[in-house]
Peer 1: 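Supplied in C-alpha cells, the structure appears directly below.
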Amino acid sequence: LLGVLVGVTGTAIVARIGFRSTRDATDATIAAAATDRQAQIEADRRTRIWEKRAAAYTDAIAGIRQRQKVRQGLYQGVLTGTEPERPPVPVDWVQLEAQLLAYASPGVLDALTAAATAGINYEAAVDEWKAYREQAQALAGIAPVPDAVQPREARGRAMTALREANNLDDRLMDLIRAELHAGTDVVPPPPVPLAKLAQPDVS
C-alpha cells in the first residue's frame with residue numbers, strides 16, 4: 001500500500017510539474033509573440049513616417065535649390081540692372097510646409113526656420129542696396145552726391161546676407177541628407193510642440 005501511495009504521489013507531482021512547465025512555456029511563447037507583433041507594428045509605423053518624411057525632404061531640397069538660384073538672380077539684377085529669368089518653382093511651399101511640420105525632425109525644423117530668417121534678411125538687404133543705388137544713379141548729375149558711399153556699404157551687407165542665407169540652406173540640406181541616409185535605423189525623436197518653434201524674424 002505504501003508503495004502504491006508513493007507511486008501515485010510521484011505521478012501526481014510529475015504531472016503537476018509537467019503542467020507548470022507546459023503552462024510557462026505557453027505563456028513565454030504568447031509573450032514572445034506579442035512582443036514580436038508589437039515590434040513589427042512599431043517598425044511599420046516608423047517605415048510609414050520615414051516614407052512621408054523622405055518625400056517631404058526630397059521636395060524641400062528641390063525648393064531650397066530653386067530659392068538659392070533666385071537669390072543669385074536678385075543680386076545680379078541690382079548689380080547689372082537685368083535680372084535673369086527665374087527658374088520655375090518645383091514645389092508648392094504651402095503644402096510642403098504642412099508636410100514638414102508633420103514629419104520633419106525637430107533639428108530640421110529649427111534649421112529650416114533659421115534658413116528662412118536668413119532669406120528674409122537677405123531680401124531686406126537687397127531692397128536697401130537697390131534703393132541706395134537708384135538714389136545715387138538719380139543724383140549722378142548733381143554734385144556733390146550725398147551719401148555716395150552708402151550704395152557700396154549696402155552692397156557689402158547684401159553680399160554678406162547672401163552668403164549667410166546660402167550657407168544656412170546648405171547646412172539644412174546636409175542635415176536632411178544625413179537623416180535620409182540614416183533611414184529607419186535611428187529612432188525618430190518625438191515631434192516638437194509647434195508653440196516652441198521659433199518664428200522667422202521679419203522685423
Side-chain angles (χ1 to χ4, degrees), residues 45-79 83-133 150-203:
R45 183 188 71 84
R46 286 170 57 182
T47 297
R48 289 194 300 271
I49 292 176
W50 184 85
E51 288 174 349
K52 296 286 188 180
R53 177 178 292 180
Y57 280 179
T58 302
D59 286 346
I61 289 176
I64 292 167
R65 292 294 295 159
Q66 186 265 353
R67 75 184 183 188
Q68 286 182 326
K69 294 175 182 177
V70 169
R71 285 194 201 112
Q72 191 63 42
L74 287 175
Y75 189 92
Q76 180 179 335
V78 178
L79 187 63
E83 181 179 348
E85 183 178 354
R86 293 195 176 194
V89 181
V91 296
D92 182 345
W93 274 106
V94 175
Q95 180 179 358
L96 180 57
E97 181 184 25
Q99 293 172 339
L100 290 171
L101 286 174
Y103 300 113
S105 70
V108 166
L109 289 178
D110 288 342
L112 185 66
T113 300
T117 299
I120 292 171
N121 292 339
Y122 167 69
E123 291 177 1
V126 167
D127 288 342
E128 179 189 42
W129 174 32
K130 183 177 180 181
Y132 280 135
R133 186 177 175 87
Q150 286 183 339
R152 291 195 300 271
E153 293 179 346
R155 177 182 176 179
R157 288 190 292 271
M159 175 58 75
T160 299
L162 174 62
R163 290 172 179 157
E164 177 68 11
N166 285 339
N167 285 340
L168 289 178
D169 271 349
D170 288 342
R171 293 178 192 174
L172 172 59
M173 287 189 290
D174 286 342
L175 181 58
I176 286 174
R177 291 173 62 243
E179 289 191 12
L180 284 175
H181 285 276
T184 59
D185 295 336
V186 179
V187 178
V192 64
L194 293 181
K196 294 184 179 180
L197 287 178
Q199 298 298 318
D201 184 6
V202 296
S203 59

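Remember, predicted model here, so these are calculated numbers, not experimental data.
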Peer 1: R155 versus Y132: any side-chain heavy-atom pair under 4.5 Å?
Peer 2: no

Peer 1: Keeping to residues at least two apart or across chains, list the salt bridge (Lys or Arg N to Asp or Glu O under 4.0 Å) pairs with something in residues 123-133.
Peer 2: E128-R157

Peer 1: Could you pull out the closest heavy-atom pair between P90 and A62, with the gap in Å?
Peer 2: CG-O, 3.5 Å

Peer 1: Please report the shortest heavy-atom distance between P87 and K69, naming the atom on each side.
Peer 2: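 Scanning both residues, the minimum pair turns out to be CG-CB, 4.1 Å.
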
Peer 1: For the CH2 atom of W129 and the OH atom of Y75, what is their distance to the nearest 0.5 Å?
Peer 2: 4.5 Å

Peer 1: Using distance only, find each side-chain donor-acceptor pair of residues 167-180 under 3.5 Å and give its atom names and separation, not counting sequence neighbours.
Peer 2:
from: N167; atom 1: ND2; to: R163; atom 2: O; distance (Å): 3.2
from: D169; atom 1: OD1; to: R67; atom 2: NE; distance (Å): 3.4
from: D169; atom 1: OD1; to: R67; atom 2: NH2; distance (Å): 2.6
from: D169; atom 1: OD2; to: R67; atom 2: NE; distance (Å): 3.2
from: D169; atom 1: OD2; to: R71; atom 2: NH1; distance (Å): 2.8
from: D169; atom 1: OD2; to: R71; atom 2: NH2; distance (Å): 2.9
from: D170; atom 1: OD1; to: Q68; atom 2: NE2; distance (Å): 3.1
from: E179; atom 1: OE1; to: Y57; atom 2: OH; distance (Å): 2.7
from: E179; atom 1: OE1; to: S105; atom 2: OG; distance (Å): 3.3
from: E179; atom 1: OE2; to: S105; atom 2: OG; distance (Å): 2.5

Peer 1: Please identify each residue that fulfils side chain to side chain contact (heavy atoms under 4.5 Å, CB included) with R86, with sequence neighbours left out.
Peer 2: V70, L74, E83

Peer 1: Could you pull out all residues at least two apart from P84 that satisfy side chain to side chain contact (heavy atoms under 4.5 Å, CB included)?
Peer 2: Q76

Peer 1: How many angstroms lie between atom CG of L96 and atom OG1 of T58, to the nearest 0.5 angstrom?
Peer 2: 10.5 Å

Peer 1: Name all pairs fulfilling the salt bridge (Lys or Arg N to Asp or Glu O under 4.0 Å) condition that reach into residues 93-106, sequence neighbours left out, sorted by first residue then second.
Peer 2: none

Peer 1: What residues form a side-chain hydrogen bond (donor to acceptor under 3.5 Å, both in side chains) with Y103, not counting sequence neighbours?
Peer 2: none

Peer 1: Find the distance between CG (D59) and CD (Q95) and round it off to the nearest 0.5 Å.
Peer 2: 8.5 Å

